[in-house]
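Step one of this worksheet: look at the structure below.
Just so it is clear, the structure is predicted and the values come from calculations on it, not from any experiment. Computed from heavy atoms alone, side chains included, the values below leave out hydrogens, waters and symmetry copies.
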Amino acid sequence: MKKGKKIIIGIIVALLVVVLVGYIYLFTGSKIKNVSNDVIKGEEGTKSLVIYFTRQGEIPGNVDAVSSATQNSNEGMDGSDTEAAARMIQSLTGADLYQIYTEHYYRKSFAGTAATAWIEEQLNLRPKLAAKPDNLDDYDTIYVGYPIWWFNAPMAIGSFLESYDLSGKTIVPFCTSQDNDISVSMDYIKEVASGANVLDGYRIHGADVDDVKEWLQRIGVLNDNNTENQNAEGSLEMKTKKSDKNYESATIPDELEYIPDGYEAPADQQGSLQKITYDTWESFTYDQKSQKLTKEAWVYVPYGYDENEKYNVFYLSHGGWSNETTIMGTDKDPHSFKNVMDHAIEDGKIKPLIIVLPTYNNTSEEDSGDYSLAIQLTNQFHNELVNDLIPAVESKFSTYAENVTEEGLEASRDHRGFGGFSMGSVNTWNTFRYCLDYFRYFMPMSGSYSTDGQYMADLVRQQGYGSDDFFIFSASGTNDFAYHAFKAQIMAMAQDSDGMFRFANNETDGNLSFLEREGYEHDQKACDEYTYNGLRFFWNAQ
């Protein structure tokens with residue numbers, strides 16, 4: 001027994017040695033030189049300071065796996081999203097600015113950065129800083145910015161904040177992350193900012209200037225004079241609603257309906273899949289229109305399509321490692337979900353509609369297989385969607401759009417929806433973020449975006465809409481790896497949005513529904529069933 005204990009102790013000691021030696025090795029990158037302790041000045045007499053930490057040196061392309069917002073997703077801007085967000089805050093508030101540097105660079109490799117960050121997190125270490133400003137007493141309010149590393153703030157933030165007496169100061173945390181919210185890091189910030197008044201933190205998405213501005217307005221930092229989108233009373237001007245509240249959707253059942261047996265086989269009355277091509281622009285330089293692309297989308301046209309009739313239209317996005325043919329196939333190789341739709345329409349379960357199957361792949365069909373790139377592309381897709389894809393589809397097929405001008409598309413928003421599974425769900429949330437002018441109905445499935453309910457509500461307000469102007473049908477499965485994060489987002493939206501999102505099984509009583517299937521996983525079966533149920537609801541009032 002004693003020998004066994006010695007072996008166990010020896011193993012533990014050996015593991016500790018390996019961890020510590022690994023940390024020493026990983027954290028001996030080249031030393032950062034010539035770092036000043038001076039701040040970058042903002043407005044004269046400011047009592048606010050923005051500090052931020054971000055990884056220095058060459059940034060490997062897949063580092064987002066552990067530090068979701070290390071790289072800058074804003075075309076034409078150097079540095080990281082964290083740096084971009086910090087500079088935006090400085091510009092909007094007039095605060096001074098200071099960047100935190102550790103004494104040594106983090107390793108260039110993804111493995112080096114990830115391992116070092118993990119060891120620091122697990123052992124609660126404090127990396128040594130290259131410099132610190134000596135005038136922190138001059139500031140009453142300190143904005144503290146960082147990327148999320150291993151679901152938390154980098155340990156260098158603790159190195160900085162624990163160096164000062166913060167009694168009586170106000171700390172305003174902000175993080176940048178594509179995937180993780182700020183909640184875990186908030187406990188850490190409160191711990192290391194002892195004596196300070198720590199305000200609720202905020203996750204900034206891709207250092208979007210409107211995102212930053214709206215957040216600062218909400219916490220009272222910016223007033224009406226700082227924003228161009230507010231009216232004389234200081235509230236966002238609401239758009240003129242195009243909806244007359246004659247809702248056309250059905251009642252959502254308490255449980256998801258299974259796809260009926262036999263629906264995967266070809267139906268007697270078969271719709272068609274038609275390919276369209278359209279011109280667009282490379283996603284990251286879309287505004288410059290410097291690189292033209294010709295892309296394809298597939299369109300499901302129901303059996304008996306009559307160009308003299310008007311059809312609701314649903315845009316259905318694929319997920320990761322996929323393309324525009326993945327969900328329903330092609331005219332030569334239709335997939336089972338095309339058969340499901342044929343049967344559902346033939347049996348009167350779903351009213352005839354048009355389904356558009358686009359792709360957010362950009363310059364390569366492999367783009368959706370790169371997780372970090374796919375996240376960025378779904379954030380860019382709205383440009384192509386609104387300006388190029390929708391006009392191409394709805395000028396060819398008969399929808400409720402009288403024309404494909406901006407006015408024509410806005411006037412027909414009640415008859416247009418967008419949905420997707422997995423990364424297609426992220427694409428759906430981005431469409432919700434940018435395109436409420438053109439879509440009323442949304443179907444995100446097993447793909448989360450933010451667990452900040454207030455942020456999601458702000459996305460609606462920023463576009464000038466209210467709680468009566470949309471409906472979200474969402475679904476996931478209990479064995480789906482995305483289930484917990486996805487459900488957490490939906491619950492946060494319902495519980496912490498000042499009433500913007502309200503659970504209901506119909507459009508009259510609310511605008512949000514969440515259904516889950518026990519035991520379902522992250523696969524095509526789940527995707528098909530959730531989509532079938534959502535389309536049973538949209539536009540199917542009896």
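Applying the salt bridge (Lys or Arg N to Asp or Glu O under 4.0 Å) rule to pairs touching residues 301-327 yields Lys310-Glu402, sequence neighbours excluded.
Both tests pass for Arg517 against the ring of Tyr258: distance under 6.0 Å to the centre and angle within 45° of the axis. Cation-pi contact between Arg433 and Tyr455: absent, since separation from the ring centre below 6.0 Å together with deviation from the ring axis within 45° is not met.
Between Phe432 and Phe470, the ring center distance clears the sub-6.0 Å criterion. Two rings, from Tyr311 and Tyr305, have their centers less than 6.0 Å apart. Residues Tyr441 and Phe538 place their aromatic rings such that the two centres sit under 6.0 Å apart.
There is a side-chain donor-acceptor pair under 3.5 Å between Thr405 and Asn403. Looking only at atom types and distance, the side chain of His522 has a donor-acceptor partner in the side chain of Ser422 under 3.5 Å away. For Asn427 and Thr378, the side-chain atoms include no donor-acceptor pair closer than 3.5 Å.
In this structure, CZ in Phe501 is found 5.5 Å from CE in Met456, a value given to the nearest 0.5 Å.
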Between Val393 and Ile276, does the side chain to side chain contact (heavy atoms under 4.5 Å, CB included) criterion hold? Intermediate values first, please. CA-CA 8 Å; Val393 170; Ile276 67 165; 3.4 Å; yes
Check the pair Ser446, Ser425 against side-chain hydrogen bond (donor to acceptor under 3.5 Å, both in side chains), reporting the backbone distance first and the verdict last. CA-CA 7 Å; Ser446 293; Ser425 181; over 6 Å; no
Intermediate values then yes/no, side-chain hydrogen bond (donor to acceptor under 3.5 Å, both in side chains), Gln274 and Asp331: CA-CA 7 Å; Gln274 300 184 29; Asp331 55 346; over 6 Å; no
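The residues Arg440 and Glu248 are annotated as not salt-bridged, no charged nitrogen and carboxylate oxygen being separated by less than 4.0 angstrom. A salt bridge is defined here as a Lys NZ or Arg NE, NH1 or NH2 lying under 4.0 Å from an Asp or Glu carboxylate O, and Arg87 with Glu83 meets this definition.
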